Student: 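Structure below; questions to follow.
None of the values given here were measured: they were computed from a predicted structure. By convention here, the first residue in the shown sequence is residue 1.
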Amino acid sequence: MKKIIHLTSQNCSLIMKVDKSPEILHWGAKINQIDPDIMLSTERPISQARLDVDVPLSLCPELGSGHFNAPGIEGHRDRYDWAPVFEVCSQEVLEQSVAFTLQDKVAKLQLEIEIKLDYESDVIQKRVKVTNIGAGDYYLTKLSSTLPVPNQANELMSFYGRWSREFQIHRQAFTHGGFMQENRRGRTSHENFPGMFVGTNHFNEQTGQVWGFHLGWSGNHQFRADVRSDGRRFVQAGELLLSGEVVLAETESYTTPWLYATYSAKGLNGISEGFHCFVRNNIIKFPVDKPRPVHLNTWEGIYFEHDPEYIMKMATEAEKMGVERFIIDDGWFVGRNGERTALGDWYLDEKKYPNGLEPVIKHVNDLGMEFGLWVEPEMISRESMLYREHPDWVLELKGYHQPSGRWQYLLDLQNPDCFNYLFNRLNTLLTVYNISYLKWDMNRELVQPGHEGKPAVNGQVNALYKLLDKLLTAHNEVEIESCASGGGRIDFEILKRTHRFWASDCNDALERQAIQRGMSYFFPPEVMGAHIGPDESHTTRRCHHINMRGMTALGGHMGVELDPVKVPKEEKQAFAKYIAIHKQYRQLLHTGRSFRLDMFDKGQNVYGVQNDNEMLITVCQLVMPDYALPSPLRISCIDSNAKYQVQLVEMPEASFQLMKQRPQWLDKTLTLSGDNLKEIGLTLPILDPESALMLYIKKIK
Ligand code: GLA
């Protein structure tokens with residue numbers, strides 16, 4: 001067995017030492033060559049008044065070996081075998097991965113730890129599997145993936161949120177004690193996004209060493225980061241198991257979700273570059289050569305009021321603005337006249353659509369657009385045909401009154417009859433109608449998720465994955481959007497079987513700037529559904545000029561979410577303009593490297609995307625500028641030795657509130673060298689609060 005294992009990627013090294021258990025010696029900057037003396041140079045002293053042995057912070061720390069912080073595994077065999085200690089019995093080392101098998105011969109448990117390091121993106125994937133190799137059931141209460149981080153990681157950034165306010169950033173010191181996040185909502189959740197970062201003091205977008213983490217799982221999770229009293233620190237993440245949720249009979253196993261992690265020496269921009277590269281190469285299954293079509297979604301336009309003639313008018317107007325895919329949202333199926341009824345009855349409402357859905361789809365297709373439909377398959381309304389026929393299909397604990405959420409309940413996807421019913425209904429819809437896109441919604445949390453009386457979040461989530469996989473096998477040309485009251489189910493594992501996310505129900509462009517910024521650390525723009533909503537936002541009642549709405553939406557996977565028949569002509573022309581800008585730069589936006597810039601004025605959100613030759617930068621003034629004159633835009637990620645042309649793509653019509661004379665360069669094409677743009681910067685015009693401009697920068701030599 002190798003004592004030292006060294007995996008490398010483009011910019012990183014992961015060095016592990018294998019003794020009785022494997023531990024990470026270094027995860028960070030790339031090391032060219034390991035010195036023969038590394039075993040000696042990394043040997044730890046034993047401190048006074050502690051255990052007399054050195055306790056490694058292993059890949060699965062154990063209470064039984066003297067790790068007094070959160071163990072990587074917890075469980076028992078009817079009150080025995082509760083403090084396992086594992087020893088490595090074999091290892092398989094390949095160029096980019098390592099797999100260890102460990103056993104505890106007393107507790108009769110086997111662990112398999114898999115770690116992969118992706119060369120191109122620097123992303124590590126880690127998961128752990130436990131197998132009961134003894135007689136009698138093993139009650140597993142916790143199995144997590146643990147990764148140590150070096151002591152200089154002493155600041156922590158995590159995300160909080162709620163409906164319509166996803167991906168809000170929280171910073172805190174990471175010097176003593178710990179950080180804990182527990183999600184029991186049964187879906188990825190708006191509240192506890194399963195991701196976080198630790199880094200050196202004041203790490204920001206452009207500078208600092210940062211270690212980033214994301215757990216790819218759409219159910220309950222636990223994230224923690226601890227600083228031990230000896231200064232060593234670690235991040236740990238795994239599924240949060242409900243009491244009795246995983247009981248392993250002899251030979252049975254449980255495997256954790258994948259923990260994704262990456263390291264950057266160039267701040268958060270390096271982290272998002274790594275995650276985006278990994279997601280694009282390994283997770284997204286979107287056809288590479290197809291541009292992502294611009295959407296119009298009917299929800300905020302008509303809600304539950306469906307009149308096919310009117311919907312066709314909406315489609316006609318949408319096409320004129322440049323829309324490429326038209327999606328009918330909630331309200332199309334039998335009896336669905338409001339949010340209290342009909343979920344589960346996935347049959348067309350023939351009262352609303354007396355001639356069927358075909359004429360609408362044909363109209364949409366004849367206009368050259370694709371057609372999409374909203375569904376919420378995991379749900380059931382009490383007022384539905386399905387509930388009348390199968391009240392026993394509800395995911396619940398018998399004998400209790402379960403609170404409804406949005407007046408609805410979950411279906412038990414582990415019930416084979418229920419699973420087959422859903423598959424058949426969806427399969428029929430996709431077979432009968434020319435549907436290229438499903439908006440797959442999930443609008444409530446899991447309370448008392450009982451399958452045959454037993455806790456069933458894990459089983460429910462895995463059954464959902466199975467349903468999606470089965471549907472996509474039958475209809476591999478169909479794209480699916482993951483929506484859960486907006487951004488309630490956004491994670492890498494659901495993205496393996498969906499194609500984009502509805503980032504938030506909040507279409508207020510100001511709020512969206514923050515939501516999309518938070519989301520951009522993990523997900524590339526092409527999977528971030530971003531729509532222009534009505535001028536008055538339906539969630540906040542705040543009003544925004546089309547400049548702010550258009551600029552905010554065009555940086556993601558763009559769409560429009562309103563009634564185009566009702567909006568005035570000038571607004572429609574403006575939508576068409578922003579859609580055209582999006583299409584012009586779509587290739588760059590959806591394949592380039594994203595970045596964010598740290599600005600002197602904290603009220604500005606500045607972000608962009610670049611490839612080797614081009615760059616788009618958006619400057620959004622969120623609130624009143626701090627000073628009368630804006631500070632120059634210094635572009636840190638530009639090539640110092642190259643020459644560039646700089647052009648304004650879009651900015652709000654001149655406002656005389658804050659600026660009476662525009663800088664002349666706004667009407668010209670500038671030629672500037674990279675070092676000028678990096679060090680001297682570009683003097684910006686004064687933007688009103690809640691407005692944005694966009695620049696296009698092209699390398700000329
Ligand atoms: C959820 C979604 C919305 C919309 C409605 C329809 O709230 O997030 O976008 O589809 O459901 O009921």
Student: For the residue pair W163 and E191, confirm or rule out a side-chain donor-acceptor distance under 3.5 Å.
Tutor: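 Side chains of W163 and E191: no pair found under 3.5 Å.
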Student: With no hydrogens and no angle check, do the side chains of Q222 and E182 hold a donor and an acceptor under 3.5 Å apart?
Tutor: yes
Student: Under a 4.0 Å threshold between the charged nitrogen and the carboxylate oxygen, would D349 count as salt-bridged to R336?
Tutor: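 Result for this pair is no, no salt bridge flagged.
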Student: According to ring-ring contact (aromatic ring centres under 6.0 Å, His included), who are the partners of F167, at least two apart in sequence or on a separate chain?
Tutor: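 F167: ring-ring contact (aromatic ring centres under 6.0 Å, His included) contacts with F193.
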Student: How about W346 and Y421: are their ring centres within less than 6.0 Å of each other?
Tutor: no
Student: Quick check against the 3.5 Å criterion: does H557 have a side-chain atom that pairs as donor or acceptor with the backbone of P293?
Tutor: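 Yes; at least one donor-acceptor contact below 3.5 Å.
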Student: For the residue pair G331 and H306, what are the closest heavy atoms and their distance?
Tutor: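 Shortest heavy-atom contact: C-CE1, 3.5 Å.
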Student: If you measure from OG1 on T341 to CE on M385, what distance do you get to the nearest 0.5 Å?
Tutor: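 The OG1 atom of T341 sits 11.0 Å away from the CE atom of M385.
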Student: Indicate whether any N or O donor in one side chain lies under 3.5 Å from an N or O acceptor in the other, for Q408 and E376.
Tutor: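 Q408 vs E376: donor-acceptor pair found between side chains.
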Student: Report the residues that fulfil salt bridge (Lys or Arg N to Asp or Glu O under 4.0 Å) with D469, sequence neighbours left out, ordered by chain and then residue number.
Tutor: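 Scan of D469 (salt bridge (Lys or Arg N to Asp or Glu O under 4.0 Å), adjacent residues dropped) gives R497.
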Student: Not counting sequence neighbours, list each pair that qualifies as a ring pair (Phe, Tyr, Trp, His ring centres under 6.0 Å) and has a residue in residues 483-508.
Tutor: H214-F492, Y260-F492, F275-F492, F492-F523, F501-F523, W502-H531
Student: Check salt bridge (Lys or Arg N to Asp or Glu O under 4.0 Å) between E561 and all other residues, then give those that pass, not counting sequence neighbours.
Tutor: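 Result, salt bridge (Lys or Arg N to Asp or Glu O under 4.0 Å) vs E561: none returned.
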Student: Please report the shortest heavy-atom distance between V360 and I311, naming the atom on each side.
Tutor: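 It is CG1-CG2, 4.0 Å.
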Student: Regarding R596 and S272, is there a side-chain donor-to-acceptor distance under 3.5 Å anywhere?
Tutor: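 Per modelled atom types, R596 and S272 side chains form a pair under 3.5 Å.
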Student: Between V294 and R586, is there a side-chain heavy-atom distance shorter than 4.5 Å?
Tutor: yes
Student: Report yes or no: do S436 and E370 form a side-chain donor-acceptor pair below 3.5 Å?
Tutor: yes
Student: Might you point out which heavy atoms bring S145 and T256 nearest each other, and give the distance in Å?
Tutor: OG-OG1, 4.0 Å
Student: Might you point out which heavy atoms bring L411 and C418 nearest each other, and give the distance in Å?
Tutor: CB-SG, 3.7 Å
Student: Test your reading of the model: is there a side-chain donor-acceptor pair from D505 to the backbone of S164, 3.5 Å cut-off?
Tutor: no
Student: For the pair N183 (side chain) and R187 (backbone), establish whether a donor and an acceptor sit closer than 3.5 Å, ignoring hydrogens and angles.
Tutor: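 Yes; judged by distance alone, with no hydrogens or angles, the pair exists.
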Student: Just wondering, do Q125 and R127 contact through their side chains at under 4.5 Å, heavy atoms?
Tutor: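 Counting from C-beta outward, R127 and Q125 never come under 4.5 Å.
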Student: Any chance the rings of F159 and F522 have centres within less than 6.0 Å?
Tutor: yes
Student: Classify the ring geometry between H170 and Y160 as parallel (under 30°), tilted (30 to 60°) or perpendicular (over 60°).
Tutor: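 Correct class here is perpendicular.
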Student: Does the pair E511 and R542 meet the rule for a salt bridge (charged side-chain N to carboxylate O under 4.0 Å, His left out), with working shown?
Tutor: CA-CA 10 Å; E511 299 293 332; R542 208 185 262 137; 3.2 Å; yes
Student: Any sub-3.5 Å donor-acceptor pair from Q460's side-chain atoms to V457's backbone N or O?
Tutor: no
Student: Taking 4.0 angstrom as the limit, do R517 and E205 come out as a salt bridge?
Tutor: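 A salt bridge is present here (some side-chain N lies under 4.0 Å from a carboxylate O).
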Student: Please report the interatomic distance CZ(F174) to CZ(F179), rounded to the nearest 0.5 Å.
Tutor: 10.0 Å
Student: With sequence neighbours left out, what residues match F326 under ring-ring contact (aromatic ring centres under 6.0 Å, His included)?
Tutor: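 So F326 forms no ring-ring contact (aromatic ring centres under 6.0 Å, His included) with any residue.
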Student: Residues two or more places apart in sequence or in another chain: which of them pass side chain to side chain donor-acceptor pair (under 3.5 Å) with T540?
Tutor: D508, S537
Student: Determine whether the side chains of Q513 and Y607 contain a donor N or O and an acceptor N or O closer than 3.5 Å.
Tutor: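 Per modelled atom types, Q513 and Y607 side chains form a pair under 3.5 Å.
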Student: Would you verify whether the NZ or CZ of R340 falls within 45 degrees of the ring axis of W407 while also being under 6.0 Å from that six-membered ring's centre?
Tutor: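 Yes, R340 lies over the aromatic ring of W407.
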Student: Taking only residues two or more places apart in sequence, or in another chain, which ones meet E339 in a salt bridge (Lys or Arg N to Asp or Glu O under 4.0 Å)?
Tutor: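 With neighbours one apart ignored, the set is R406.
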Student: Is the Lys NZ or Arg CZ of R171 less than 6.0 Å from the centre of F203's six-membered ring, within 45° of the axis?
Tutor: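 Flagged: R171 positioned over aromatic ring of F203.
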Student: Ignoring hydrogens and geometry, is there a side-chain-to-backbone donor-acceptor pair from R489 to I494 under 3.5 Å?
Tutor: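 Checked: no pair found.
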Student: Do the side-chain N and O atoms of D441 and W374 include a donor-acceptor pair separated by under 3.5 angstrom?
Tutor: yes
Student: Rounded to the nearest 0.5 Å, how far does CD of E690 lie from OG1 of T552?
Tutor: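 Answer rounded to 0.5 Å: 10.0 Å.
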Student: Would you say D345's side chain and Y347's backbone share a donor-acceptor pair under 3.5 angstrom?
Tutor: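 No, the answer is negative, given that no donor and acceptor are paired below the 3.5 Å cut-off.
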Student: Between K466 and F419, is NZ or CZ placed under 6.0 angstrom from the six-membered ring centre and within 45° of the ring axis?
Tutor: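 Yes, K466 and F419 form such a contact.
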Student: Taking N605 for its side chain and L622 for its backbone only, find out whether a donor-acceptor pair lies under 3.5 Å.
Tutor: no
Student: For the pair T298 (side chain) and G301 (backbone), establish whether a donor and an acceptor sit closer than 3.5 Å, ignoring hydrogens and angles.
Tutor: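 Checking the backbone N and O of G301 against the side chain of T298, no donor-acceptor pair under 3.5 Å is found.
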Student: Indicate the ring-plane relationship of Y437 and H295, choosing parallel, tilted or perpendicular according to the 30° and 60° boundaries.
Tutor: perpendicular
Student: Without hydrogens or angle criteria, can the side chains of T188 and D491 be said to hold a donor-acceptor pair below 3.5 Å?
Tutor: yes
Student: On the ring face of Y409, is R382 found with NZ or CZ under 6.0 Å from the centre and within 45° of the axis?
Tutor: yes
Student: What is the distance from atom CG of L467 to atom CG of N462, rounded to the nearest 0.5 Å?
Tutor: 12.5 Å
Student: Restricting to pairs with a member in residues 275-286, which pass salt bridge (charged side-chain N to carboxylate O under 4.0 Å, His left out), not counting sequence neighbours?
Tutor: R280-E526
Student: Look up atom CG in D329 and atom CD1 in I302, then write down how far apart they are to the nearest 0.5 Å.
Tutor: 8.5 Å
Student: Any side-chain to backbone donor/acceptor pair from R292 onto H590? Under 3.5 Å, distance only.
Tutor: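 Here the side-chain-to-backbone pair does not exist.
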Student: Partners of H538 by ring-ring contact (aromatic ring centres under 6.0 Å, His included), sequence neighbours excluded?
Tutor: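 Expected list: none.
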Student: Just by distance, no angles: are the side chains of T146 and Q236 close enough, under 3.5 Å, to form a donor-acceptor pair?
Tutor: yes
Student: I'd like to know if the side chain of S381 and the backbone of S384 have a donor-acceptor N/O pair within less than 3.5 Å.
Tutor: no
Student: In Å, rounded to the nearest 0.5 Å, how long is the span from CG of N427 to CG of L422?
Tutor: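 The distance works out to 12.0 Å.
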Student: Heavy atoms only: give me the nearest I515-A503 pair and the separation to one decimal.
Tutor: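 The answer is CG2-O, 4.2 Å.
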Student: Taking all atoms of both residues into account, what is the closest heavy-atom pair of A318 and P564, and its distance?
Tutor: N-CG, 4.3 Å
Student: Name all pairs fulfilling the ring pair (Phe, Tyr, Trp, His ring centres under 6.0 Å) condition that reach into residues 449-491, sequence neighbours left out, sorted by first residue then second.
Tutor: W217-Y465
Student: Between N420 and N424, do the side chains contain an N or O donor and an N or O acceptor separated by less than 3.5 Å?
Tutor: no
Student: Can K496 and N282 be counted as having a side-chain donor-acceptor contact under 3.5 angstrom?
Tutor: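 No.
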Student: Output all residues satisfying ring-ring contact (aromatic ring centres under 6.0 Å, His included) with Y387, sequence neighbours left out; order by chain, then residue number.
Tutor: none
Student: Can you pull out every salt bridge (charged side-chain N to carboxylate O under 4.0 Å, His left out) where at least one residue sits in residues 473-488? Sequence neighbours excluded, please.
Tutor: K290-E479, R325-E479, E481-R500
